[in-house]
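Remember, predicted model here, so these are calculated numbers, not experimental data. Residues: numbered from 1 along the sequence shown. What you see below is based on every heavy atom in this structure, not just the backbone, and it leaves out hydrogens, waters and symmetry mates.
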Amino acid sequence: MTAMVKAEGVHKSFGPAHILKGIDLEVAPREVFCLIGPSGSGKSTFLRCINHLEQINAGRLYVDGDLVGYRQKGDKLYELKDSEVALQRRDIGMVFQRFNLFPHMTALENVMEAPIQVKGEAKAVARARAERLLDRVGLSDKAKNYPSQLSGGQQQRVAIARALAMEPKLMLFDEPTSALDPELVGDVLDVMRGLAEDGMTMIVVTHEMGFAREVGDALVFMDDGVVVESGHPRDVLTNPQQDRTKSFLSKVL
């Protein structure tokens, strides 16, 4: 079975700052893969490399068997054209900390936009799917509302529906609840639980240890650009093997 995501020796630097220092990991299809670690450990950067929002400096990244962002000929890598990268990104949904909704569009229009613009889908088809997805995230009554009329949690659920509208095979979540008031976090996590139950492959950068424990199939603790420890979430969270993991978890659990 082909891994949905495979990282081989992935390095990323911004100028002199070496952010990722040789990341090796695999995410299986239908797996909920959680990434935890302190701020600045490279989690979000790694997520952005998976859909080539950031270019890696060394190593290889594959999504569903395809090399991300590059074509290999012999031993050499050649960067793909923007149009080719855009084609790869169609299969990868991403939900950011900040919701990044279009403020001048209603919730429904936000969810319809990408299939129409990117896939050339008929408006009626895009609308029908957008209505289904808003219902799925519990917001069918907010279809005509603009982002400014929605709470942070509601905006994030619209952002999830928008990512799902492209029918991706992989969903990336970059701390999707960290910008939310505590009482709004549960609704967003419930939507993500539903996606997990439906078999969506998900990589989730999160501080929500309860979610990682309950929903995650695999968990990686990153620090200073390396994978320090990995395993089943319950094992890592209840019985960490590495001192650095123990120290981190003692502060957040």
Which pair of heavy atoms, one from [X] and one from [Y], lies closest together, and at what distance?
{"X": "H232", "Y": "D217", "value": "CD2-O, 3.7 Å"}
{"X": "R193", "Y": "D190", "value": "NH1-OD1, 2.8 Å"}
{"X": "A159", "Y": "V95", "value": "O-CG2, 4.2 Å"}

>> As a quick check of understanding, evaluate side chain to side chain donor-acceptor pair (under 3.5 Å) for T201 and E31, giving each step before the final call.
In response: CA-CA 5 Å; T201 311; E31 193 166 54; over 6 Å; no
Give a yes or no answer on whether the side chain of [X] reaches the backbone of [Y] with a donor-acceptor pair at less than 3.5 Å.
{"X": "N110", "Y": "L101", "answer": "no"}
{"X": "Q242", "Y": "P240", "answer": "no"}
{"X": "Q117", "Y": "A114", "answer": "no"}
{"X": "E79", "Y": "G69", "answer": "no"}
{"X": "H11", "Y": "S13", "answer": "no"}
{"X": "Q156", "Y": "F96", "answer": "yes"}
{"X": "E229", "Y": "Q241", "answer": "yes"}
{"X": "E84", "Y": "K81", "answer": "yes"}
{"X": "K43", "Y": "P38", "answer": "yes"}
{"X": "R89", "Y": "N51", "answer": "yes"}

Under a plain distance cut-off of 3.5 Å, with no hydrogens placed, do [Y] and [X] share a side-chain donor-acceptor pair?
{"X": "K251", "Y": "S247", "result": "yes"}
{"X": "Q154", "Y": "Q149", "result": "no"}
{"X": "S140", "Y": "E131", "result": "no"}
{"X": "D174", "Y": "S44", "result": "yes"}
{"X": "E175", "Y": "Q97", "result": "yes"}

> What about Y70 and H52, are their ring centers closer than 6.0 Å?
Replying inline: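 Centroid distance Y70-H52: below 6.0 Å, so yes.
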>> Are V32 and V137 linked, directly or through intermediate hydrophobic residues, by side-chain heavy-atom contacts shorter than 4.5 Å (ILVMFWY only)?
In response: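 Yes: a chain of side-chain contacts under 4.5 Å links V137 to V32.
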> Does NZ or CZ of K12 come closer than 6.0 Å to the centre of the six-membered ring of F14, within 45° of the ring's axis?
Replying inline: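 That pair qualifies as a cation-pi contact.
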>> Taking CG in D82 as the centre, count heavy atoms belonging to other residues, nucleotides or ligands within less than 6.0 Å. Is the count above 12?
In response: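 For D82, atom CG is not crowded (no more than 12 foreign heavy atoms under 6.0 Å).
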